[in-house]
Number of protein chains: 2
Amino acid sequence: MDGARWLTPEQLRAWIRLEAVVELLPAVLDSQLQHDEQLTHFEYLVMAKLSESPEHTLRMTALAATTNSTLPRLSHVVSRLESRGFVERSPCPTDRRATNAHLTEAGWQKVVQTAPGHVETVRDYVIDRLTDEQVTQLDEIMQALLQKLDPENTLRRLP
Amino acid sequence: MDGARWLTPEQLRAWIRLEAVVELLPAVLDSQLQHDEQLTHFEYLVMAKLSESPEHTLRMTALAATTNSTLPRLSHVVSRLESRGFVERSPCPTDRRATNAHLTEAGWQKVVQTAPGHVETVRDYVIDRLTDEQVTQLDEIMQALLQKLDPENTLRRLP
DNA sequence: ATAAGTCTCTTGTCGAGACAACCTTTGCGT
DNA sequence: ACGCAAAGGTTGTCTCGACAAGAGACTTAT
């Protein structure tokens with residue numbers, strides 16, 4: 001155990017708590033969305049990002065990037081959403097390799113219907129627990145972490 | 001979308017970034033441990049908690065609590081660790097319903113061998129990205145969130 | 001005693017994501 | 001033009017975790 005730089009008690013405590021939050025928070029978000037709307041957090045995220053895009057449309061690659069996801073994962077999720085009528089696929093006219101994902105009217109309605117409850121959960125579990133100053137601090141801290149975690153939105157894996 | 005309290009731009013930005021970190025950080029930790037030691041982050045966490053306990057032993061329920069996990073999940077993971085010789089199960093003498101999970105010598109060696117690389121990853125991706133002041137802020141913020149996420153503070157005394 | 005209820009843990013099933021293999025299209029070098 | 005590598009997506013397989021159901025063991029009330 002020696003020979004490695006250890007953590008100070010303060011650092012260790014902060015880390016353990018961050019670890020716990022990172023473990024528990026996704027479960028809470030998933031749980032609310034699953035219970036109220038039969039949606040995964042990630043499924044909601046996909047539709048939310050589409051709803052913010054011009055024409056409610058994005059290429060699969062772009063959608064994968066904004067949702068911090070891989071293409072295979074996204075492809076599966078879009079298939080599910082497509083079978084439920086929330087999203088449509090269409091070949092991209094300018095590049096025949098590419099596929100556009102488009103939010104249907106039903107999908108838009110679903111997002112509109114889902115958003116308030118989701119935001120309320122986010123407020124309840126995160127935002128309302130913090131002072132305005134802490135929200136600012138949180139933003140800065142997460143930004144610092146993302147510079148390493150997600151330098152260019154491109155995650156490469158070495159086998 | 002109206003009728004619900006929305007988020008201010010500052011709050012929204014902080015949330016989106018927290019969302020990204022919560023999505024990406026577990027993948028990074030898992031990746032390092034999987035690549036270097038063929039361990040899941042959660043498997044490592046289980047063994048680490050055992051290694052910090054007296055006799056390197058904990059009851060399954062207590063272990064589930066300190067790892068923020070459910071009993072079924074833990075049971076499956078312990079089965080895997082047992083088949084790899086890192087953990088042993090034994091019936092609790094005082095309560096025959098209960099099961100004690102015990103870290104074997106091989107398990108202890110595995111933890112000792114794994115810890116430095118894991119800590120280094122934590123430093124690299126989290127601690128070293130932040131000022132001391134930010135570490136303190138992070139600790140306080142996470143503590144605030146855990147009051148809602150984990151009301152029964154699972155860092156209880158060990159039986 | 002004993003029956004009901006609770007605690008502790010395990011098992012089986014099912015859905016979701018990681019990873020690899022694959023196919024098609026595009027771009028690039030020569 | 002042609003051949004090859006890279007980009008864009010999809011599909012199949014396997015593992016892990018969620019959830020529900022179940023089997024023992026302890027507790028309590030009658």
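Note on naming: letters A, B, ... go to the chains in the order of the sequence lines (proteins, then strands), and numbering restarts at 1 for each one.
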TODO: Round to a whole Å and report the spacing from CG of B/Asn68 to P of D/dA18.
DONE: 12 Å
Task: Presence of A/Arg80 side-chain N/O under 4.0 Å of C/dA16 phosphate oxygens OP1/OP2 - done: yes
Task: Rounded distance (Å) that lies between atom C1' of C/dC14 and atom NE2 of B/His76 - done: 12 Å
- [ ] Could you tell me whether A/Ser75 contacts a base, only the sugar-phosphate backbone, or nothing, with contacts defined as non-hydrogen atoms closer than 4.0 Å?
- [x] base
- [ ] Round to a whole Å and report the spacing from NE2 of B/His41 to P of D/dT15.
- [x] 22 Å
TODO: Calculate the interatomic distance between A/Arg73 atom CZ and D/dC16 atom P; express it in whole Å.
DONE: 17 Å
Open item on the list: Let's see if you can work this out: which of D/dG17, C/dT10, D/dG8 has an atom nearest to the side-chain heavy atoms of A/Leu71?
Closed with: D/dG8
Open item on the list: For B/Lys110, is there an ion pair with B/Glu43 - N to carboxylate O distance below 4.0 angstrom?
Closed with: no
Open item on the list: Given C/dT8, D/dG17, C/dT25, identify the nucleotide with an atom nearest to the side chain of B/Ala98.
Closed with: C/dT8
Open item on the list: Has B/Ser79 got a side-chain atom pairing as donor or acceptor with B/Ser75's backbone, closer than 3.5 angstrom?
Closed with: yes
- [ ] Would you kindly give the CZ-to-P distance between B/Arg96 and D/dT27, to the nearest whole Å?
- [x] 12 Å
- [ ] Take atom CG of A/Leu33 and atom P of C/dA16, then tell me their distance rounded to the nearest Å.
- [x] 14 Å
Open item on the list: Measuring only between side-chain heavy atoms, which start at C-beta, is A/Leu145 closer than 4.5 Å to B/Val126?
Closed with: yes
- [ ] Check the distance between D/dA23's P and B/Met60's CE and give it to me in whole angstrom.
- [x] 20 Å
- [ ] Assign each of A/Glu43 and A/Thr94 to its nearest nucleotide of DNA chain C by heavy atoms, then name whichever residue's nucleotide is nearer the 5' end.
- [x] A/Glu43
Task: Side-chain heavy-atom pair B/Asp124, B/Arg129 within 4.5 angstrom cut-off - done: yes
TODO: For B/Ser31 and B/Val28, indicate whether the former's side chain and the latter's backbone hold a donor-acceptor pair under 3.5 Å.
DONE: no
Task: Contact nearer the 5' end of DNA chain D, comparing A/Thr61 with A/Ser31 - done: A/Thr61
TODO: Measure the distance from CG on A/Leu74 to C1' on D/dG9 and round it to the nearest whole Å.
DONE: 10 Å
Task: 5' precedence on DNA chain D between A/Ala27 and A/Ser79 (nearest-nucleotide basis) - done: A/Ser79
Open item on the list: Heavy-atom nearest nucleotide on DNA chain C for A/Pro72 versus B/Arg97: which residue maps closer to 5'?
Closed with: B/Arg97
Task: Which nucleotide in D/dT10, D/dG17, C/dT25 has an atom nearest any side-chain atom of B/Phe42 - done: D/dG17
